[in-house]
Amino acid sequence: MTSPISISFVETDLDQMREREGKIAVFATEDGKIDASARRANRLTKGAVARLLDSEKWGKVKEGEGVAMSFPTGLLATALMVVKLPRRPSIELARKTGATLAKFKGDEALLVGAGNLTRIDEISLGLALRAYAFTDHKTETETEAGAATIMCSKPEEVAAAAKPAMALAEGVFFTRDLVSEPANVLTTNDFAARLAAMQEIGLEVEILEEDELGKLGMGALLGVGQGSDAPSKVVVMQWNGGGDEAPLALVGKGVVFDTGGISLKPAAGMEDMTMDMGGAGVVSGVMRALALRKAKANVVGLVGLVENMPGPNAQRPGDVVKSMKGDTIEVINTDAEGRLVLADVMWYAQDRFKPAAMVDLATLTGAIIIGLGHENAGVFSNDDGFCDAFLKAAATEGEGAWRMPLGAGYDKMLKSNVADMKNIGGRPAGSITAAQFLQRFVKDDTPWIHLDIAGVASVKSDTVLAPKGATGWGVLALDRLVRDRYEG
Ligand code: BES
Ligand code: ZN
Ligand code: ZN
């Protein structure tokens, strides 16, 4: 498991500026105002900081970004960065600043002279999140990443404020690790074992095996996994930090690998389907963060873990399966498997927990990438108030989310000649018909949001808070939703 780098908060000790090896960062405002740390750095470097702040270059530096000077005279450090930041940055700017520090830091130790800046907790979160690297399968023994030390006034207070932020970083890292793992490592068994291990941090975790799922009538989910040797599972994680109110249910698609099944996917890019458990990964990361920060809310996370493989026992196009709800489904395309998994897990979640609301997450359709690219997840909902609350939480956290429509006209596209519905609606509006399919498994009185995260779970270029690869998209937004709506 990848752990966030160690970040400690200490009283400002200006003598450290000269003595520290590794890298050093100080801050200055747009108009060149500096604090004691930056002043000391300036004195030690014989005015280099002041010259930078007087230069034309400083005017061009964006807030939250900085200028690095290599091997500065007067310091033992290998580099000194001056970061442009107002005294009271927004959350977004503070996190971006943290990301700047992470990129500057690299693998070296970092000393930050933060003085009495506000939002040092958010700067730390940005630093922790951007410093992620998935190195579990690199055999070259890389040098351990150096720690970050933040000098500030009232370090105990700042450390206390940063604690929930560090819980969040751990949750995001948990998600990113799961999404990054190859499918020969993250099997359904391995995934379930990693979730069971979270009992140590206070989550109640149950693993439902195939015989149990059969008894529950989950024919839709089991049909997807029947072509694989890996046993299908549903894992239930409960965090009961609230009173006796009904929980929020989070449901995730956990297809550990999606070959498409008999409706086999083309070879090019198929390796990306190691991330087809992204929805389950986000649910798991949120549950981890909630437990680590001891959230005062009741949240239950359920993931459907299956592998979609071709084989002698695989589901065929044309097969008819029966869902736990009782509705029958004609499987036209075995590659539209995520919705089959979610249908049963969502029904089970409502049947057992009578949740106050339900959010499902899934790398569900390629069509959502055509529609929204990698900037926004697709958001579908049957409840405007609930949906607006989520969109607000996502906006606050800087996680792109865009609402898409639902409607009876789309639902009609799922009509089957032989069963109650078919599992695809055809090429037009592919993400919407997938959502319509899911809505058939949502009870009328359950406020529900479906998040299609196919475009955002893993990306091919760096984002503000993550290096290229798994993003952990949704962990921050859902944690924020829980804080704003369920923690009073
Ligand atoms: N896992 C895929 C969707 C996906 C595509 C996720 C690209 C991430 C990146 C899903 O199971 C799938 O194969 N969907 C099909 C549905 C189609 C057969 C109706 C698709 O989107 O092509
Ligand atoms: Zn598929
Ligand atoms: Zn899939």
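Read the numbers this way: they start at 1 and go in the same order the structure lists the ligands and their atoms.
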Of all the N, O or S atoms in D258, the one nearest to the Zn ion (ligand 3) is OD2
Strictly under 4.0 Å, does any heavy atom of N308 approach an atom of ligand 1?
no
For ligand 1, is M277 a contact, meaning one of its heavy atoms is under 4.0 Å away?
no
Is the side chain of T433 donor-acceptor paired with the backbone N or O of Y410 at a distance under 3.5 Å, no angle test?
no
Looking at D276, pick out the N, O or S atom nearest to the Zn ion (ligand 3) and give its name.
OD2
Which heavy atom of the protein is the closest neighbour of atom 19 (C) of ligand 1, given with residue, atom name and distance?
I424 CG2, 3.4 Å
Please name the atom of E337, limited to N, O or S, that comes nearest to the Zn ion (ligand 3).
OE2
Counting heavy atoms only, which part of R427 comes closer than 4.0 Å to ligand 1: side chain, backbone, both or neither?
neither
Short question: side chain of T188, backbone of P231 - any donor-acceptor pair under 3.5 Å?
yes
Answer yes or no: are there more than 12 heavy-atom neighbours, outside E92 itself, under 6.0 Å from its atom CD?
no
OG1-CD distance between T463 and E375, expressed to the nearest 0.5 angstrom
9.5 Å
Please identify which atoms of ligand 1 are closer than 4.0 Å to at least one heavy atom of E337.
11 (O)
Have a look at ligand 1 and work out which part of D272, if any, has a heavy atom under 4.0 Å from it: side chain, backbone, both or neither.
neither
Return a yes/no value for T365: is any of its N or O atoms, backbone included, closer than 3.5 angstrom to an N or O of ligand 1?
no
Kindly compute the distance separating CG (L264) from OG1 (T334), expressed to the nearest 0.5 Å.
8.0 Å
Would you kindly specify which portion of D276 sits under 4.0 Å from ligand 1, judged on non-hydrogen atoms: side chain, backbone, both or neither?
side chain
Tell me whether E397 is salt-bridged to R480, with the criterion being a basic N under 4.0 Å from an acidic carboxylate O.
yes
Pair N308, T259: side-chain N/O donor-acceptor within cut-off below 3.5 Å:
no
We want to know whether E181 and H137 form a side-chain donor-acceptor pair, criterion being a heavy-atom distance below 3.5 angstrom.
yes
